[in-house]
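Just the heavy atoms: all of them, side chains too, but no hydrogens, waters or symmetry mates, feed the values below. Only a predicted model underlies this, so the values are computations on that prediction, with no experimental measurement involved.
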Amino acid sequence: MNWQISVERHGAEEQPVVVIDGFADAARFRDDAAFLSFAPIGPHYPGIRAVVAPPMLRDPLARLAPVVAEVFGPGALEVVDAFYSIVTTPPSALTPIQRLPHFDEVSPRRLALLHYLSPDESSGTAFYRHRSTGFESIDAARLPAYRAALDADLATHGLPDAAYIAGDTSVFERVALHQGRFNRAILYRSNTLHCAHLPDTLSFDPDPETGRLTVNTFLELRD
């Protein structure tokens, strides 16, 4: 595969996002997903998932290792979890936490790799700054202050409407948007505030051949 790689830094914190086009054999991943059974996994993802078998990831992750070392620092790269994911929850059914930007983990050594596999390129991933704290990432030291400030914000402004966040709000400011191009992957720290950017026309189709299919891989840099 001929990778086209760029490293983009966004916001005041200049958090890096590695963008790789032509990431993997997309047809192989899509064919694999078509034979799997999808179901809800965990309370936060607004859709259905299926576990990705480790051999599917072996070659692209081996090639990714030197990129990770250059951008995020040295360490042994280990897979924590990997899922095929399809967004299926309509805006009216979102829980309050699904209407806000989120972070996956407080450790800056935890990374998220998102591989877009849908031919529909109208969605993407957005990154945010929490206005009242200025935080664009949440580590263990920041977590108590962030939780307290967010609770105060929601008490003042109320819970957001039942909708996917799609830009600036009274509580969060969008600092970057990466389009979900077919066979593009983006790699970023899991503790950055982010969320899916979804168009109003998204069908929430559960079929992996026609829905918003991605591979979400969570990685750990071990010392």
Side-chain angles (χ1 to χ4, degrees), residues 4 6 8 10-11 17-50 52 82-104 112-130 157-188 192-217:
Q4 297 178 352
S6 63
E8 303 180 20
H10 56 71
V17 176
V18 180
V19 181
I20 306 172
D21 287 308
F23 179 67
D25 186 344
R28 179 169 175 253
F29 277 92
R30 286 176 57 82
D31 288 347
D32 184 54
F35 287 95
L36 300 177
S37 296
F38 284 72
I41 298 177
H44 301 308
Y45 184 75
I48 53 177
R49 287 179 150 170
V52 180
F83 302 104
Y84 291 105
S85 304
I86 306 173
V87 175
T88 57
T89 303
S92 60
L94 291 174
T95 63
I97 197 171
Q98 293 171 331
R99 307 172 199 171
L100 299 168
H102 67 279
F103 58 95
D104 302 312
L113 177 67
L114 180 59
H115 183 197
Y116 301 100
L117 288 169
S118 172
D120 181 351
E121 298 182 336
S122 59
S123 68
T125 303
F127 293 83
Y128 285 84
R129 175 187 299 117
H130 181 231
H157 300 285
L159 288 171
D161 294 336
Y164 287 95
I165 186 171
D168 293 348
T169 73
S170 56
V171 179
F172 292 95
E173 176 188 1
R174 190 171 74 188
V175 297
L177 172 62
H178 295 272
Q179 285 299 127
R181 304 300 184 200
F182 178 71
N183 205 21
R184 167 177 286 178
I186 63 171
L187 178 70
Y188 53 92
T192 52
L193 290 166
H194 63 279
C195 69
H197 176 80
L198 304 177
D200 293 337
T201 56
L202 192 74
S203 66
F204 305 103
D205 186 347
D207 188 336
E209 294 189 5
T210 50
R212 185 187 185 268
L213 178 66
T214 60
V215 172
N216 300 59
T217 303

If you take all heavy atoms of [X] and [Y], which pair is closest and at what distance?
X: R30; Y: F182; result: CD-CE1, 3.9 Å
X: A33; Y: L213; result: CB-CD2, 4.0 Å
X: V175; Y: G11; result: CB-CA, 4.2 Å

[X]: partners by side chain to side chain contact (heavy atoms under 4.5 Å, CB included), with sequence neighbours left out:
X: P43; result: none
X: A176; result: H10, F127, H178
X: A163; result: none
X: D104; result: H102, A112, S190, H194, F218

**Asked** So, the side chain of Y128 versus the backbone of T192: is there a donor-acceptor pair under 3.5 Å, distance only?
**Response** no
For the [atom1] atom of [X] and the [atom2] atom of [Y], what is their distance to the nearest 0.5 Å?
X: L94; Y: D161; atom1: CG; atom2: CG; value: 11.5 Å
X: L114; Y: L117; atom1: CG; atom2: CG; value: 9.0 Å
X: L100; Y: L193; atom1: CG; atom2: CG; value: 10.0 Å
X: F38; Y: I48; atom1: CZ; atom2: CD1; value: 6.5 Å
X: F83; Y: I41; atom1: CZ; atom2: CD1; value: 5.0 Å

**Asked** Given Y164 and C195, is the side chain to side chain contact (heavy atoms under 4.5 Å, CB included) satisfied, shown in steps?
**Response** CA-CA 9 Å; Y164 287 95; C195 69; over 6 Å; no
**Message:** Apply side chain to side chain contact (heavy atoms under 4.5 Å, CB included) to residues F23 and V215 and explain how you reach the verdict.
**Reply:** CA-CA 12 Å; F23 179 67; V215 172; over 6 Å; no
Residues 199-208 side chain polar contacts: donor-acceptor under 3.5 Å, at least two apart:
{"residue": "S203", "atom": "OG", "partner": "D205", "partner atom": "N", "Å": "3.4"}
{"residue": "D205", "atom": "OD1", "partner": "D207", "partner atom": "N", "Å": "2.9"}
{"residue": "D205", "atom": "OD2", "partner": "T210", "partner atom": "OG1", "Å": "2.5"}
{"residue": "D207", "atom": "OD1", "partner": "E209", "partner atom": "N", "Å": "2.9"}

For [X], which residues count as a side chain to side chain donor-acceptor pair (under 3.5 Å) partner, sequence neighbours excluded?
X: Y84; value: D32
X: S85; value: R49, N216
X: H197; value: none

**Request:** Just grab all the side chain to side chain donor-acceptor pair (under 3.5 Å) pairs involving residues 90-100, residues at least two apart or on different chains.
**Result:** T95-Q98
**Message:** According to side chain to side chain donor-acceptor pair (under 3.5 Å), does anything in residues 114-125 pair up with another residue at least two apart or in another chain? List the pairs.
**Reply:** H115-N183, Y116-T125, D120-S122, S123-R212
**Message:** One thing to verify: whether D168 and R174 come together as a salt bridge, which I'm taking to mean a side-chain N less than 4.0 angstrom from a carboxylate O.
**Reply:** no
**Under the ring pair (Phe, Tyr, Trp, His ring centres under 6.0 Å) test, residues paired with Y45 that sit two or more places apart** = none
**Asked** Just wondering, more than 12 heavy atoms not from L177 lying within 6.0 Å of its CG?
**Response** yes
**Request:** Just jot down the salt bridge (charged side-chain N to carboxylate O under 4.0 Å, His left out) partners of R129, sequence neighbours excluded, or say none.
**Result:** E136, E173
